[in-house]
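A short worksheet on the structure shown next.
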Amino acid sequence: MTTDGFTTCLWFDGQAEEAAHYYVSVFKNSSIGEVARYPEGAPQPAGTVLTVEFTANGHRFLALNGGPEFKFTEAVSFMIFCENQEEIDYYWTKLTEGGGEPGPCGWLKDRYGLSWQVVPDRLQAMVTDPDPAKSARVMKAFMAMSKFDIAALDKAYAGE
């Protein structure tokens, strides 16, 4: 086993190359790598894209055109920890555009059905605060949100 981390394989039904370019356009520190094509006699037409290697935000991915057998579910999601509201708004907008769907508590699905959590980087500290009243107020506030509102979470944390 190599010691340089993991590569996440994402299964698509014909949209692997399109999705790879989309994710590279959303995240900094991103690039497209090698594109492999199906050979003659494969389950897909020869020459069509089999896989696309790409990096998004420094994380390695392999987009696979595997067919219609599998779909993404919320059982796996990618978390984007954001420093400020501007970052939350950016990722929320980019990942829901073109057919994505907002969800509850900072969750959303992008146009390919992949689940993301767009989260303030300080949320974990707020909900695990040793003061149970603070953590309860933050939990109550974010349970009522779709896209996170950092100012509202800060107010709940402060008891305002």
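- S115 and E74 form no side-chain donor-acceptor contact under 3.5 Å, judged by distance and modelled atom types alone.
- Looking only at distances, a side-chain donor or acceptor of S25 sits under 3.5 Å from a matching main-chain atom of Y22.
- The shortest heavy-atom contact between A20 and F54 is CB-CD2, 3.5 Å.
- Looking at Q15, its side chain does come within 3.5 Å of a backbone N or O of D13 through a donor-acceptor pair.
- Under the 4.5 Å side-chain heavy-atom criterion for Ile, Leu, Val, Met, Phe, Trp and Tyr, M139 and F81 are members of the same hydrophobic cluster.
- A distance-only check finds a donor-acceptor pair linking the side chain of N84 to the backbone of E86 [under 3.5 Å].
- The shortest heavy-atom contact between S30 and N57 is OG-N, 3.0 Å.
- For the pair R111 and E97, the salt-bridge criterion is met [side-chain N within less than 4.0 Å of a carboxylate O].
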Note to self: Let's go through V35 and V49 carefully: what are the C-alpha distance in whole Å and the side-chain angles of both, what is the deciding distance for side chain to side chain contact (heavy atoms under 4.5 Å, CB included) to 0.1 Å, and is it a yes or a no?
What the structure shows: CA-CA 7 Å; V35 177; V49 172; 4.1 Å; yes
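- The nearest pair of heavy atoms linking A46 to E40 is CB-OE2, 3.3 Å.
- Side-chain contact between T96 and E101 is absent, with no heavy atoms from C-beta onward closer than 4.5 Å.
- Note: F78 and F61 meet the aromatic proximity criterion, with ring centroids under 6.0 Å apart.
- Contact check for V119 versus I80: no side-chain heavy atoms found under the 4.5 Å cut-off.
- Here E160 contributes atom CD and K155 contributes atom NZ; the two are 6.5 Å apart, rounded to the nearest 0.5 Å.
- Looking only at side-chain heavy atoms (C-beta outward), K147 and I88 come within less than 4.5 Å of each other.
- At least one side-chain heavy atom of C82 sits under 4.5 Å from a side-chain heavy atom of V118.
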Next item on the list: Start with the C-alpha distance between I32 and H21, add both sets of side-chain angles, then the distance that settles side chain to side chain contact (heavy atoms under 4.5 Å, CB included), and finish with yes or no.
Entry: CA-CA 7 Å; I32 297 290; H21 284 282; 3.7 Å; yes
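- One N or O on the side chain of T93 and one on the backbone of D89 form a donor-acceptor pair closer than 3.5 Å.
- Within the model, atoms NE2 of H59 and CZ of F6 stand 9.5 Å from one another, a figure rounded to the nearest 0.5 Å.
- Tracing side-chain contacts under 4.5 Å through hydrophobic residues (I, L, V, M, F, W, Y), one never reaches F70 starting from Y112; they form parts of separate clusters.
- Qualifying ring-ring contact (aromatic ring centres under 6.0 Å, His included) partners for Y157, counting only residues two or more places apart in sequence or in other chains: none.
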Margin query: Could you go through T8 and V76, starting from their C-alpha distance and side-chain angles, then the distance that decides it, and tell me whether this counts as side chain to side chain contact (heavy atoms under 4.5 Å, CB included)?
Written below: CA-CA 11 Å; T8 302; V76 174; over 6 Å; no
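- Summarising the geometry, atom SG belonging to C105 is positioned 9.5 Å from atom CE belonging to M145; distances are rounded to the nearest 0.5 Å.
- Aromatic ring centres of F142 and F148 lie closer together than 6.0 Å.
- Scanning both residues, N65 and A16, for their nearest heavy atoms gives OD1-N, 2.9 Å.
- Counting heavy atoms from C-beta on, the side chains of W116 and W92 never come closer than 4.5 Å.
- To the nearest 0.5 Å, atoms CD (Q85) and CD1 (I150) are separated by 5.0 Å.
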Checklist line | Stepwise side chain to side chain contact (heavy atoms under 4.5 Å, CB included) check, L62 with V52 | finding: CA-CA 6 Å; L62 181 77; V52 179; over 6 Å; no
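- Hydrophobic clustering (side-chain heavy atoms under 4.5 Å, transitive across Ile, Leu, Val, Met, Phe, Trp, Tyr) keeps Y91 apart from W107.
- In this structure the side chain of F12 reaches within 4.5 angstrom of the side chain of F72, judged on heavy atoms.
- How far CD of E17 is from OG1 of T48: 10.5 Å, rounded to the nearest 0.5 Å.
- Scanning all heavy atoms of the two residues, the minimum distance from S146 to G103 falls at OG-O, 2.6 Å.
- Here D154 pairs with R122 in a salt bridge; the nearest charged N to carboxylate O distance falls below 4.0 Å.
- Atom CE of M126 is separated from atom CG of L153 by 6.0 Å, given to the nearest 0.5 angstrom.
- Side-chain contact, Y23 with D110: a donor N or O sits under 3.5 Å from an acceptor N or O.
- For residues 23-36, there are no salt bridge (charged side-chain N to carboxylate O under 4.0 Å, His left out) pairs, not counting sequence neighbours.
- Here the closest heavy-atom approach between residue L64 and residue C9 is recorded as CB-SG, 4.0 Å.
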